[in-house]
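Note on naming: letters A, B, ... go to the chains in the order of the sequence lines (proteins, then strands), and numbering restarts at 1 for each one. Values in this document were obtained by computation on a predicted structure and should not be read as measured data.
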Amino acid sequence: MAPRAIALVDCNNFYVSCERVFRPDLEGVPVGVLSNNDGCFVARSSELKALGVKMGQPLFEVKDLVRRHRVRVFSSNYVLYGDMSQRVTECLRGFTPALENYSIDESFLDLSGFHGRDLSAYASEIRSTVKMWTGIPTCIGIASSKTLAKLANHAAKKSLMGEGGVCDLTHEGDREQVLHMVPVEEVWGIGRRSAEKLNMLGVKTAADLRSMDPRQARKLLTVVGERLVYELRGVACLPLDLAPQPVKGTAVTRSFGEPVKTWEPMREAVASYASRAAEKLRGQGAHGLAAESLQVFMHTSPFRSGPSYANAATVELQPPTNDSFALIAAATAAAKRIWREGFQFSKAGVVLSGLVPVERVQPDLLQAADRQRGSRLMAAMDAVNARMGRDTLRSAATMGRAWRMRQESRSPSYTTRLTDVPVVRA
DNA sequence: TCTGGGGTCCTAGGACCC
DNA sequence: TCTGGGGTCCTAGGACCC
């Protein structure tokens with residue numbers, strides 16, 4: 001059997017690149033995209049990285065630097081990024097149908113059938129096509145396992161093996177070289193805690209981890225660590241997920257734009273999150289999913305002094321449902337149970353679990369007519385909102401404003417809102 | 001005093017990812 | 001003044017059953 005060849009295509013500084021597609025004047029200057037609430041940096045252009053701004057760094061810590069270097073700062077525009085992501089994925093599907101869409105900016109491609117051809121040249125062709133069709137720059141790493149493909153991608157990004165944005169580690173010599181160059185904490189699946197443990201044992205590089213006794217890796221890092229050792233040896237343990245699996249749970253959680261001190265804005269926020277969570281459920285799978293269980297949590301800021309409080313309450317939903325009004329009612333009741341006066345709440349959330357396809361939900365004869373009416377109403381609401389924009393139609397319970405998040409510099413919805421589409425004059 | 005053993009299911013919490 | 005959000009997988013430990 002021919003060895004496997006897996007390519008990882010990763011978009012460079014994805015959110016920044018999305019903003020640049022519609023703003024060519026942003027090329028060559030420092031650009032950053034902020035998390036929800038304009039809290040911290042979640043994407044940085046290479047120029048911003050060079051200025052020393054770290055991933056996840058709070059904006060307020062680098063205010064001066066941002067002003068001095070005229071850093072272009074954007075609030076996150078997930079509707080735009082989601083749409084651009086789909087375009088990139090569609091473009092990649094033109095090269096192989098065997099594709100796993102791993103995250104908003106990454107896909108694994110099975111190129112096993114292309115062995116014999118020059119994989120690097122093929123990858124370069126993929127890169128230039130994606131750039132031409134979508135405007136998004138990418139890097140591509142190729143190897144015989146997912147973990148090695150990740151490593152190859154890292155090498156491509158850092159130009160560890162020549163320039164050109166492509167790194168092919170299917171040949172042993174190149175692979176050895178890169179394994180010795182990459183510190184163990186850069187390996188996919190090794191986080192801070194695991195890196196600390198490994199370093200104590202003198203395991204410093206990806207090559208060290210590769211050479212570890214798999215049983216020892218398992219003792220130290222559970223089966224995850226053992227698998228990693230094999231993956232680094234080129235033995236693929238992580239299959240490509242060609243068909244997206246249904247999600248097992250879904251959540252809508254937000255920090256507030258300003259602290260919430262009274263029940264009314266908390267009630268509105270929780271109702272609004274429940275409503276959004278219900279929409280997400282209805283959009284999943286062929287006919288939507290229903291939740292068996294709903295949890296609400298709220299807490300004060302972990303970063304501020306003053307009285308602190310954190311709590312959560314869970315409600316079983318019988319029968320399972322994705323009806324906005326049912327979820328709003330359940331979430332509001334749960335929130336009421338854990339609500340306490342006298343605190344400054346910084347965040348709350350609604351978490352849904354036990355997700356089942358709606359068609360598998362046992363119909364309850366007594367309520368069947370009611371529920372059918374409900375699902376027709378939900379479908380009508382979703383249709384209007386899809387056409388006219390999110391929240392055109394929503395429950396009155398979600399109307400408040402005080403708790404909403406800060407978004408001071410969001411770019412237009414260039415690709416999804418007709419009034420925001422760029423106009424070309426020729 | 002002594003008071004089994006083994007299976008399953010569920011949940012909470014840790015670690016990691018993007 | 002100002003510190004993201006939404007997922008996954010794994011394990012340990014408790015409840016429960018025979």
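- Side-chain contact between A:Lys146 and A:Trp188 is present, with heavy atoms from C-beta onward closer than 4.5 Å.
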Item to check | Dot-bracket line, read 5' to 3' along DNA chain B, where crossing pairs take [ ] and | marks a partner on another strand, Watson-Crick or G-U under 3.5 Å | outcome: ....||||||||||||||

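- A salt bridge is defined here as a Lys NZ or Arg NE, NH1 or NH2 lying under 4.0 Å from an Asp or Glu carboxylate O, and A:Glu47 with A:Arg20 meets this definition.
- Annotation for A:Met200: atom CE does not count as buried by contact number, only 12 or fewer foreign heavy atoms lying within 6.0 Å.
- Applying the ring pair (Phe, Tyr, Trp, His ring centres under 6.0 Å) criterion to A:Trp133, with sequence neighbours excluded, gives no partner residue.
- For the pair A:Ser103 and B:dC17, the criterion of a side-chain N or O lying under 4.0 Å from OP1 or OP2 is not met.
- In this structure, the side chains of A:Leu198 and A:Met212 come closer than 4.5 Å at one or more pairs of heavy atoms.
- The side chain of A:Arg227 contributes no N or O atom lying less than 4.0 Å from OP1 or OP2 of C:dC9.
- Separation of the C1' atoms belonging to C:dC16 and B:dG4 is 16 Å when rounded to the nearest angstrom.
- Between A:Glu90 and A:Arg87, no side-chain nitrogen of the basic residue sits less than 4.0 Å from a carboxylate oxygen of the acidic one, so the salt-bridge criterion is not met.
- Taking only side-chain nitrogens and oxygens, A:Lys197 never comes nearer than 4.0 Å to OP1 or OP2 of B:dA15.
- Remark: A:Thr253 is not in phosphate contact with C:dG4, judged by side-chain N or O atoms under 4.0 Å from OP1 or OP2.
- Distances shorter than 4.0 Å separate some side-chain N or O of A:Arg304 from OP1 or OP2 on C:dC2.
- Taking side-chain N and O atoms only, A:Thr222 has no distance below 4.0 Å to OP1 or OP2 of B:dA15.
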